Amino acid sequence: MRVLFSSTPAHGHLLPQLPLARAFRDRGDTVAVLTGKAFAPVLAPEGIDLLAAGPAVDVLFAETARRTGGDAASDPTPESVAEFFAGVRVDLTADDALAAARGFAPDLIVAEACDFVGPLAAAVLDVPLATLAFGPAIPAEFTAGLAAVAAPRFAARGVAPAPARWYLDPCPDALQAPDRQAPEGRVPLRPEPHRGPGAAPAAPAPRGARRRVLVSFGTHFAEPRVLGPILAALSAADVDLRVTLGLTASADDYAIDSERVEFVGFTPLDQLLSGVDLVVTHGGAGTVLGTLARALPLVVVPQGADQFLQAAGVAASGTGVAVPPDAATPESVARAAADVLAGPQYADAARKAADQIAGMPSPAEVADRLAAALA
């Protein structure tokens with residue numbers, strides 16, 4: 001088969017798709033990803049072609065702010081989110097994307113849940129579509145806004161949005177709302193913490209004399225002005241800290257001089273989790289599900305985007321503690337971390353979530369299922 005993945009040009013949207021993309025590649029299928037050109041260094045080592053289309057994510061955010069006056073990243077209102085994903089990105093990406101998709105001639109398009117460029121290509125080319133979700137289901141007030149903004153963009157090209165044939169769902173039941181209705185075509189898909197190209201899962205590391213805490217606020221939200229005070233509070237406890245720097249920060253941006261603090265650049269999450277007892281995070285879906293796949297509890301300090309959904313799921317499932325923005329002082333985050341490390345119930349709940357994840361079909365099994373359905 002020829003399988004085209006489509007993604008918003010952001011690490012948090014692309015990386016969760018890689019396990020399934022690799023599974024199709026390893027079956028011998030031809031796989032490509034439709035996204036921004038900045039991701040060529042991510043995809044080239046995978047042996048997966050990049051079909052570059054559309055501007056970088058900072059351009060998309062700037063145009064969304066110009067149109068709506070809002071920040072779709074840090075203040076995700078239904079209006080700003082809909083304009084970012086279903087308005088601005090489609091407007092600035094669709095022409096190049098449709099040309100690239102026609103040239104690739106896919107048999108199947110897999111689009112992440114916030115991507116409307118892949119579904120547009122699927123409608124125009126009359127190709128089956130699979131939606132790949134991230135975490136807990138997106139609330140109806142957001143999905144309704146997305147659909148309303150997308151509809152005229154589809155109509156302008158003579159097509160209507162068609163429902164995906166499959167909804168690939170990596171979220172374990174533990175994190176879903178109790179009243180959630182499973183969407184039509186739901187196929188569970190086991191999430192994995194991101195690994196480097198060709199890397200086997202990281203081996204467990206020996207425990208040190210102190211507990212180790214991973215502090216990771218992803219690639220977009222790792223702001224020293226936010227993280228610095230939190231790190232200062234956490235470093236006062238008797239723990240070792242492993243801190244990710246995102247894509248632009250450096251260790252010099254933090255006024256912390258402690259042998260118990262290790263700063264690391266962009267590193268696959270699978271490696272970062274080795275030897276860790278707790279993860280303090282902004283709550284990106286990939287980080288949360290990857291952490292729970294390794295049976296580790298969390299402290300979630302949401303900064304924007306869909307992180308509030310993950311935070312709510314973590315709190316409700318007992319797999320950790322959520323610290324809402326209006327209460328997220330450095331001291332409160334440090335107290336939450338101490339509580340989770342001291343409370344065995346959080347680790348127990350994380351192990352139960354990990355058991356649910358382990359029981360979900362692997363990416364290879366899902367790839368085989370989709371291929372068989374299209375044969």
Side-chain angles (χ1 to χ4, degrees), residues 5 7 10-26 33 39 41-48 112 132 134-135 168 170-172 175 188-208 211-222 240-247 262-300 310 314 319-320 347 350-351 353-367:
F5 285 76
S7 177
H11 285 82
H13 291 255
L14 175 62
L15 296 185
Q17 297 185 77
L18 286 183
L20 185 59
R22 290 167 175 163
F24 278 112
R25 178 203 63 195
D26 294 346
V33 175
F39 289 90
V42 175
L43 296 171
E46 302 281 357
I48 294 174
E112 47 96 349
L132 201 163
F134 292 126
L168 310 179
C171 188
L175 262 64
L189 170 64
R190 185 189 309 157
E192 300 176 354
H194 174 57
R195 301 199 304 265
R207 302 293 182 188
R211 312 291 288 278
R212 176 171 290 160
V213 176
L214 170 65
V215 182
S216 179
F217 276 46
T219 54
H220 184 77
F221 292 90
D240 290 329
L241 298 180
R242 178 179 293 161
V243 183
T244 63
L245 291 169
L247 296 178
E262 170 197 12
F263 289 100
V264 296
F266 182 80
T267 304
L269 180 63
D270 186 58
Q271 292 175 240
L272 293 171
L273 294 173
S274 183
V276 162
D277 299 285
L278 168 68
V279 176
V280 177
T281 178
H282 64 313
T287 301
V288 169
L289 294 184
T291 297
L292 291 178
R294 294 290 178 267
L296 295 170
L298 303 108
V299 171
V300 182
Q310 274 72 247
V314 166
T319 55
R351 280 191 290 271
D355 289 342
Q356 289 182 5
I357 290 170
M360 298 165 76
S362 70
E365 291 170 323
V366 171

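Source: prediction; values computed, not measured.
When side chains are defined from C-beta on, Leu175 counts as touching Val288, because their heavy atoms get closer than 4.5 Å. Between Leu18 and Glu46, the closest side-chain pair of non-hydrogen atoms falls below 4.5 Å. At a threshold of 4.5 Å between non-hydrogen side-chain atoms, the residues Arg195 and Pro19 do not count as touching. Leu14 is not listed as a side-chain neighbour of Glu112, based on a closest heavy-atom distance of 4.5 Å or more. Residues Ile48 and Val42 are not in side-chain contact: their nearest non-hydrogen atoms beyond the backbone lie 4.5 Å or more apart.
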Given the rule in the side chain to side chain contact (heavy atoms under 4.5 Å, CB included) test, do Leu214 and Leu269 qualify, once you have shown the distances and angles that lead to the verdict?
-> CA-CA 10 Å; Leu214 170 65; Leu269 180 63; 4.2 Å; yes
Side chain to side chain contact (heavy atoms under 4.5 Å, CB included) between Leu289 and Gln310, intermediate numbers included = CA-CA 9 Å; Leu289 294 184; Gln310 274 72 247; over 6 Å; no
Report the C-alpha distance between Glu262 and Asp240 in whole Å, list the side-chain angles of each, state the deciding distance to 0.1 Å, and finish with yes or no for side chain to side chain contact (heavy atoms under 4.5 Å, CB included).
-> CA-CA 8 Å; Glu262 170 197 12; Asp240 290 329; over 6 Å; no
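Of all heavy-atom pairs between His194 and Pro268, the closest is O-CB, 3.3 Å. Residues Ala285 and Phe134 share a closest heavy-atom pair of CB-CB, 3.7 Å. Residue Pro197 comes nearest to Arg22 through the heavy atom pair N-NH2, 4.0 Å, listed as atom of the first residue, atom of the second, then distance. Taking both residues in full, the closest heavy atoms of Pro16 and Gly286 are given as CG-CA, 4.5 Å, listed atom of the first, atom of the second, then distance.
Note that CG of Leu189 is 6.0 Å distant from CG of Leu168, once rounded to the nearest 0.5 Å. Atom-to-atom distance recorded for His13:NE2 and Ser7:OG is 7.0 Å, nearest 0.5 angstrom. Taking CD of Glu192 as the reference point, atom CG of Leu20 lies at 10.0 Å (rounded to 0.5 Å).
For Arg190, the side chain to side chain donor-acceptor pair (under 3.5 Å) test picks out no residue, with sequence neighbours left out.
Paired with Leu296 under the rule side-chain contact (heavy atoms from CB on, under 4.5 Å), one option of Thr319, Leu273, Leu278 passes, and it is Leu273.
In this structure a side-chain-to-backbone donor-acceptor pair under 3.5 Å is missing from Arg242 to Val264. No donor-acceptor pair under 3.5 Å is formed between the side chain of Thr287 and the backbone N or O of Gly283. Under the 3.5 Å distance criterion, the side-chain polar atoms of Ser216 are left unmatched by any main-chain donor or acceptor of Thr281.
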